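The next block holds one structure in the form of structure tokens; read it before the comments.
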Amino acid sequence: MDRNAKVAVTLGDPAGVGPEVIVKALAALPREERRDFVIVGNVEALELADRVSGTGLRFGPADAPDDDRIAVDEVALGAALPEIGKVSPVAGDASVRYITRAVDLAMSGQADVIVTAPINKEAMNLAGHHHDGHTGLLAHLTGSKSSFMLLASERLNTIHVSTHISLKGAIERAKTERVLATIEAGHRHFLRLGRKARIAVAGLNPHCGENGLFGTEDMEFLAPAVEQAQAKGIDVVGPISADTVFARAYNGAFDLVIAQYHDQGHIPIKLVAFDTAVNVSLGLPIDRVSVDHGTAFDIAGTGKANHVNMLSAIAYARLMARSPRREG
């Protein structure tokens, strides 16, 4: 990692496992590397997580002199920390405050990349923040027209045309313009990481519609998007039936699959890389990587949370921090 790169890690929902996976992940890193991180959240929540996890870390203000303490950008909540393991508007509001502060750090150049711990959408909405999750909230906070969710793992990568909307809404969104934009976003991201991706577009209907027998969307909207992307020099094929394309990608035929909706892309990734896949937001003016799991209220506060996914998110964030943005 570039020694000058700063990673801002948001606490997530403070009633969930976010604080625990953060302290465990940072404790697993060499001491000198911890200086590259600032946690956006609350010292009280981190100290509680530290006690139940037995990590033995110390925390201090982000602007304090260099020492062995983990830097914390303290976010005032205006209320007591919520009960661990429970959905609450206090926790939902806190999670949004953490993200908002981290975006401010990234937009002002004080952080090079954001790593986010899990939030709870119900809690966030109970607090009056009506977004579909991190992706929509980040687009709102950065003034972006849209964003894209990439799930990245060692052998399978997917980027989604739509995510947190109904299946009916996802079908309506799978139009040529959006599919093409998704292809281009994935193409640019892989170029940034140093390679030209071999991209496959997953079909929307069973067997890509069987020439109209099971629907015409693949012929009407997906195929033209592929043709337009090919005309721009992008290495993309499809649409390919979704019941085979992910297996082909996993076995090395493609670097990236364009998934048409949330479950189409999430199910194969979580099947083959449940503990290691990470969520990356593309199309924003800032870089953000997240764990690909939820708040796990059932084990929050017990010290049992697995931090492997947070380590994967940190590693991917480091990769992005040392890879300059580029067009292509």
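The model shown is predicted, which means the values in this text are computed figures rather than measured ones. Values reported hereafter were calculated over all heavy atoms of this structure, with side chains retained and with hydrogens, waters and symmetry mates removed.
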Using a strict threshold of under 4.0 Å (side-chain N to carboxylate O), is an ion pair present between Glu184 and Lys232?
yes
Under-4.0 Å salt bridge between Arg101 and Asp73:
yes
Count I, L, V, M, F, W, Y as connected when their side-chain heavy atoms are under 4.5 Å apart, and connections chain through other members. Are [X] and [Y] then in the same cluster?
X	Y	value
Ile240	Leu256	no
Leu48	Tyr98	no
Val90	Leu81	no
Leu222	Ile234	yes
Val245	Ile267	no

Taking it one step at a time, do Asp112 and Asp287 satisfy side-chain contact (heavy atoms from CB on, under 4.5 Å)?
CA-CA 7 Å; Asp112 298 283; Asp287 291 329; over 6 Å; no
Within 6.0 Å of [atom1] in [X], more than 12 heavy atoms from elsewhere:
X	atom1	result
Glu154	CD	no
Asp298	CG	yes
Glu44	CD	no

Partner residues of Ala49 under the side chain to side chain contact (heavy atoms under 4.5 Å, CB included) criterion, sequence neighbours left out
Pro19, Glu20, Val23
Tell me the closest heavy-atom pair linking [X] and [Y], and the distance in Å.
X	Y	value
Ala305	Lys24	O-NZ, 2.7 Å
Leu284	Ser144	CD2-OG, 3.5 Å
Ser147	Arg178	O-NH2, 3.1 Å
Tyr316	Leu150	OH-CD2, 4.0 Å
Ala91	Ala15	CB-CB, 4.3 Å
Ala313	Val289	O-CG1, 3.6 Å

Go through Asp13 and Phe297 one step at a time and tell me if the side-chain contact (heavy atoms from CB on, under 4.5 Å) criterion holds.
CA-CA 10 Å; Asp13 188 306; Phe297 286 143; 4.0 Å; yes
Can you find a heavy atom in the side chain of [X] that is under 4.5 Å from one in the side chain of [Y]?
X	Y	answer
Asn42	Glu74	yes
Leu26	Ile39	yes
His131	His140	yes
Phe59	Glu47	yes
Phe37	Ile314	yes
His189	Met320	yes
Phe246	Thr158	yes
Met149	Ser281	no

Does [X] reach the main-chain N or O of [Y] with its side chain, forming a donor-acceptor pair under 3.5 Å?
X	Y	value
Arg173	Val179	no
Ser166	Gly169	yes
Ser290	Thr116	yes
Arg248	Phe254	no
Glu33	Leu29	no
Ser312	Val291	no
Asn125	Lys121	yes
Gln230	Val236	yes
Asp50	Leu46	no
Asn306	Val308	yes

Euclidean distance, [Y] [atom2] relative to [X] [atom1], rounded to 0.5 Å:
X	Y	atom1	atom2	result
Asp235	Phe190	CG	CZ	12.0 Å
Asp292	Met310	CG	CE	12.0 Å
His134	Ile99	NE2	CD1	3.5 Å
Ile183	Arg188	CD1	CZ	11.5 Å
Leu57	Arg34	CG	CZ	5.5 Å
Ser162	His262	OG	NE2	9.5 Å

Would you be so kind as to tabulate the donor-acceptor pairs closer than 3.5 Å made by side chains of residues 193-209, with sequence neighbours excluded?
| from | atom 1 | to | atom 2 | distance (Å) |
| --- | --- | --- | --- | --- |
| Arg195 | NH1 | Asp255 | OD1 | 3.1 |
| Lys196 | NZ | Gly233 | O | 2.9 |
| Arg198 | NE | Asp255 | OD2 | 3.1 |
| Arg198 | NH1 | Gly252 | O | 2.9 |
| Arg198 | NH1 | Ala253 | O | 3.3 |
| Arg198 | NH2 | Gly252 | O | 3.1 |
| Arg198 | NH2 | Asp255 | OD1 | 3.1 |
| Asn205 | ND2 | Glu217 | OE1 | 2.9 |
| Asn205 | ND2 | Asp218 | OD2 | 3.0 |
| His207 | ND1 | Glu210 | OE2 | 2.9 |

Cation over ring face, Arg155 and Tyr250, 6.0 Å, 45°
yes
What side-chain donor-acceptor pairs closer than 3.5 Å can you find for residues 268-279, not counting sequence neighbours?
| from | atom 1 | to | atom 2 | distance (Å) |
| --- | --- | --- | --- | --- |
| Asn279 | OD1 | Arg288 | NH1 | 3.4 |

Have Ser53 and Thr55 got a donor and an acceptor in their side chains that come within less than 3.5 Å?
no
Trace of the side-chain contact (heavy atoms from CB on, under 4.5 Å) decision for Leu11 with Ile22
CA-CA 8 Å; Leu11 203 63; Ile22 290 171; 4.1 Å; yes
Check: His160 ring centre within less than 6.0 Å of His266 ring centre
yes
Which is it for Ile286 and Val103 under the side-chain contact (heavy atoms from CB on, under 4.5 Å) test, yes or no, and what are the steps along the way?
CA-CA 8 Å; Ile286 62 174; Val103 168; 4.0 Å; yes
